[in-house]
**Student:** 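Sharing a structure here in C-alpha cells format.
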Amino acid sequence: MSCDQDAETRHVLGCFRDRLKRLIQVEPLLDLLHFLEPDRKDRIKAKFREEGDINAAAFLIDEIIHSKNYARGWSRELIAALETVGCRHAAKYVLNSPPEPTEEAENDSCVRLIDLLQLTLVSMKTGDVCAHCRALGLLTLEDQENIMKLTENQGNIGGARLLLKRLVKNEAGWFSKFLQALEDTEHHDLVRELRGEPCNEDGEARTESLDEKKDTQSSVEVQNLSNGLIISLPSSEESKRDIVLRDYQMEVARPALEEKNIIICLPTGSGKTRVAVYITKKHLERKKQMGQPGKVVVLVNKVPLVEQHYKAEFGRFLKHQYSVERVSGASQLKISFPQIIEQNDIIICTAQILENSLAKAKNGDEDGIKLSQFTLMVIDECHHTKKGGVYNHIMIRYLSQKHKNQLLKKQEKSPVPLPQILGLTASPGVGGAMNQQMAEEHILQVISTMRIISKRDTIKTFCVYGMLKDPFGDVIKKIMDEIHTHADLKPLCDPGTQYYEQWVVQKEQNAAKEENQMVRVCAEHLRQYNEALHQSNTIRMSDAFRFLNKYHTEELKTKSSPDEEGTITITDTERFLFTLFKDNKAKLQELMGKPQYENNSLAQLKTNILKEFSTRERARGIIFTRTRLSAIALCQWIQENPKFDEVGVRASYLIGGGDQSVVKPMTAAEQKDVLNKFRDGQINLLIATTVAEEGLDIAECNFVIRYCLVTNEIAMIQARGRGRAEDSSYTLVAEAGSGVAERESVNEYREKMMSTAIVKVCKMNRADYEKKTREFQMQAIIEEKVKIKKKLLKGMMKEPPSKISLSCRQCSVFVCSGEDIEKIENMHHVNVTKQFSKLFTVRENASLQERLLDYETNGVIACKNCGQQWGSMMLYKSIECPCLHIKHFVVTYSSKKKTFSKWSELPIKFPAFDYTQHADLLVEDSEEEDLETD
C-alpha cells in the first residue's frame, strides 16, 4: 500500500474507533502485527490483562493512529492479521467497507439480545455448541482451543461467556448460524428464547416441524410475531439456470401468463412448483418491460417448505436475476417484514407471517403491509383455503377489496390494485360431498377467485387382508369384559375400533363430571387396552404389551408417596385394575413370543416389502402409518428382521416435530438428516406418519404403501403422488372389517367426483360461472364478518374468576377457586397461594426424562390424595410457579360440572401474574425464617 493509503487507514481507524474496539480480538492479533515494537506490544498486553479486551483494543487503535514510525504497508499487514484471527467484520471497517446502516443496526440488535440473555445462554453445553460454531466458520481453531481450555479450568459457564464474547465479533450473519448451532445441539429452549417464541397454554413448547401441525403444530409458524419477525440470509453460490417446461406444464401455465387468476391442479411430483417459478419469472419480466414495479409473494403452510422452495426452486432459478428472500417463524434474524417486502422482488414466507402483517395494516400500525404492494401471489397447497385457516383469512381480505373495487369503479374512482392469484394443489378435494352437485359446489367455493387448470393420472394397486386367530387380542378383550362388568358398562361397539375409543372417552368425561370415580378410572384403563388392541392388530404383540406394561408401571408409581408428607390412597377399583393386569401379564408375555399369532396385516406388509425389493432393480419406497408409535415400531421390526436385510432394505422412520407425551418428537435437524439420506440412497425405505404426505420434497419412489391408514381423498392423492417413478405402485394394506378398505373406496369415489366436477366447472358458461363464484365470494365475506363479531362478543362476555372452582378429576377433592389463578405471559395458568401448595406433591417428570429433552424438567405436580397429575412446576424469573393443566380437573361453572381440554375454552378472564407482589412475599417469608433461625 502507498503512504496515502496508510494515512487513509489511520483516518478510518479514528472514524470507526468506538465500533472497532468491540470487534477486535487483541491477544491473538498482537502476535501477527510485526510493525509494532515489542515494548508497545507489552504495554497493550498489560492493558488487556488489567482492563480487558475492549480497553486494550482502544489502546491499540490509539497507538496506531498517533504513531508515525511504522514501515510502509503496515495497513495491509493489519488487515491481513484481522482476517487471519477471525476478525473479518473489523477488517471490513478498516477497509472502509462497513455494512449498510440497516444491516449494521440489525447486527447491533443481535449483539444486544445476546447481552440481555447472557444469564440464560451460559447454561448451554459449551463443548457441543463450540464444535458446531467452529464447523460453521464462526470460530477459529485458536478460539475453540481457548474456549475449551477455559471450560476445563473455570467450568461450563466460563467457557460459554467466552464463546458468546467471541461470537458477537463476527460479521453480520453470525446470529443465524449461532441459532443453527443451538438447534443442531438440541438447545431448543434457548433457540425459542432468542426468537422470542412463547409456549402454549399447557407449557408445551412448539417446534415447527413437519407433522405437528398436523400431528400438530401446533404449531411454530402460527406464532404471534407482533414484535417483528425472523429472517435468514440467502446462500451465496448459485449459477444461472434456464427453466424448461414440458408441454403439459406449459399448457396449464398459459392462462396465468395471460394474467388470469388460476389454480394449477397437477399430481404430486409433476412439477407444479417449477411451473410457478416460470410464471413468476415471466410476470416480473413483463412488469419490467412495461416500466411497472413487480413484487411476488409465495405463501406456504409449513415452515420447512419456505427453505425448500427457496433452495430447490425460486432461489435456484431466479436469484441470479432477482432478489429472492425467505421469511418464516423458524428463520433467524429479527427485522421488519415491511422492510423485507420493500427490498426484495420475491418473498417466500409462511402465510401466518403475511396475515399478521396485513392485520397490523388494518389496525393502522405503520409496521403493517397491504395486498396492493404485491403484483402476484402464489399460494402453495391452496386446497387449505377452504378450511377457515390462515389462507382463508388472506383470501377473505382479497375478496373484500375486490368487491370494494367494484363499488369504486361505479363511483368512477380509482380501484386499489390487487395481485394476480396463482394457486397450486395436487387435489382440491370435494369437502365431504355426498353427490356430484355438492362436489361441484365445493370446487366452486375453493376457486371462487380463480379458474382451475388440471392434468391428472393415477397408478394404484389395492390389497385387503383378513385376520388370523388372535389369542393375544382375545386376552385383552377378556380383561376389558371384566372391567365392563365391574363398572356396569355396556359398550355400544366392539373393542379395538375408533368408535369404541369415542365411546369410552365420553364415558370418562361424564364420570368425571358426575364424580363417579369407579367408572372414570375404569374408562381410563379401557382406553389404554383399546389402544393396545389396535396396536396388536397393526404392529407386533410385543409392542402392544410394552405399551400396556409401561402404562401400569407408571400408574403404580403415581400411587406411591414421593416423600413422608402423607400416603396416597389406592381405591378398591384401582386395586382391582392393577391386579387384573398382573394376573394376565404372564399369559400376554407367553402369547407375544409366538410368531404364528402375529396379525395378518403385518405378515402381508412383510410380503409386499420383500416383493418390491426382490422384483425391482433399485427399490425405494414409503410406508405411511397412523401414529408415531407405529412408525417407530415398524422401523424396529424391519431392522431386527434378517429377511429384510437379505434383500437390501435400509429403513428409517420420519415423524413430526410437535411435542407430545408418549413419543419423543423428531427435531428439524433429525428430519432433514433422514430426508437427505433417503435422497442419497443411504435409506431406501421410509416409514412415515402423514408428515411426508404433503408438500415436502421427497426423493422419487417406486412404491408407496398406506398401512392401515386412510384419511380423506386429498391425503390419498398426496400419498399416492409420492410414487413418482414411471413403474410406481400404490398399495393399501388393511385388516378386513376394520373399515379402512371401505373408506378408501369412498375416497376413490370422491376422487372421481372431484375430477368430474373440475371438468364441469371448467366448461361452465362464463355468466353462470361468474354468478356462482360471486355468490360464494359474498357468502365467504359475510361468514367471516359474522365470525369476527361472535369472537368480539365472546371476549366481551368473559366472566370473573370467582364464577368457577376446580376439583381433582380423579378423586374429586376441592383444589381451588378461580380467584386463586393468575396468568403468566397470557398463557400459563398458575396458582401460587400457600393453601394450594399444601394440596400437591412434586415428582420427577419421567416422560420428559425418558425422551431426553434438554430443557429443565422442574417436575410434575400431583394430587396428594390420589396421585392424579395436575400440571407442572415451572420456573419463572427464578420463582417456582405451579402451572395447572385444565384437562386434569373438573370445573364447577355456574353450579354445573364440566371438563375442558384447553384453558381457552373457558370464558373466564384471569388476572395477570403479579411478579413484584409475589417476589416481595417470598422475601418477607425468607426474612421471617431467618429471624426464627436466629
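All residue numbers refer to positions in the sequence shown, counting from 1. Nothing here was measured: the structure is a model prediction, and the numbers come from that model.
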**Student:** Among Lys281, Lys288, Lys287, exactly one meets side chain to side chain donor-acceptor pair (under 3.5 Å) together with Glu285. Which residue is that?
**Tutor:** Lys281
**Student:** Which heavy atom of Ile24 sits nearest to which heavy atom of Ala57, and what is that distance?
**Tutor:** CB-CB, 4.2 Å
**Student:** Got a second to check how far Ile157's CD1 is from Leu121's CG, nearest 0.5 Å?
**Tutor:** 12.0 Å
**Student:** Mark yes when over 12 heavy atoms from residues, nucleotides or ligands other than Leu358 sit less than 6.0 Å from its CG; otherwise mark no.
**Tutor:** yes
**Student:** Might you point out which heavy atoms bring Asn344 and Ser323 nearest each other, and give the distance in Å?
**Tutor:** CA-OG, 3.2 Å
**Student:** Tell me the closest heavy-atom pair linking Ala312 and Phe317, and the distance in Å.
**Tutor:** O-CE1, 4.0 Å
**Student:** Give the minimum heavy-atom separation between Leu32 and Ala81, together with the two atoms involved.
**Tutor:** CB-CB, 3.8 Å
**Student:** List the atom of Val324, the atom of Phe314, and the distance in Å for their closest heavy-atom pair.
**Tutor:** CG2-O, 4.2 Å
**Student:** Between Ile341 and Lys295, what is the shortest heavy-atom contact and its length?
**Tutor:** O-NZ, 2.7 Å
**Student:** So does Phe35 get a backbone contact from the side chain of Glu77, meaning a donor-acceptor N/O pair under 3.5 Å?
**Tutor:** yes
**Student:** Walk me through whether Glu186 and Lys125 qualify under salt bridge (charged side-chain N to carboxylate O under 4.0 Å, His left out).
**Tutor:** CA-CA 10 Å; Glu186 305 284 310; Lys125 299 174 187 173; over 6 Å; no
**Student:** Ignoring hydrogens and angles, tell me if any N or O in the side chain of Lys41 forms a donor-acceptor pair with the backbone of Leu33 under 3.5 Å.
**Tutor:** yes
**Student:** Does CD belonging to Gln682 count more than 12 external heavy atoms closer than 6.0 Å?
**Tutor:** yes
**Student:** Short question: side chain of Lys169, backbone of Arg22 - any donor-acceptor pair under 3.5 Å?
**Tutor:** yes
**Student:** Could you go through the salt bridge (charged side-chain N to carboxylate O under 4.0 Å, His left out) check for Lys45 and Glu27 one step at a time?
**Tutor:** CA-CA 7 Å; Lys45 286 179 181 177; Glu27 196 172 26; over 6 Å; no
**Student:** Does Asp345 reach the side chain of Gln321, with side-chain heavy atoms less than 4.5 Å apart?
**Tutor:** no
**Student:** State the CG-CD1 distance between Leu354 and Ile369, to the nearest 0.5 angstrom.
**Tutor:** 5.0 Å
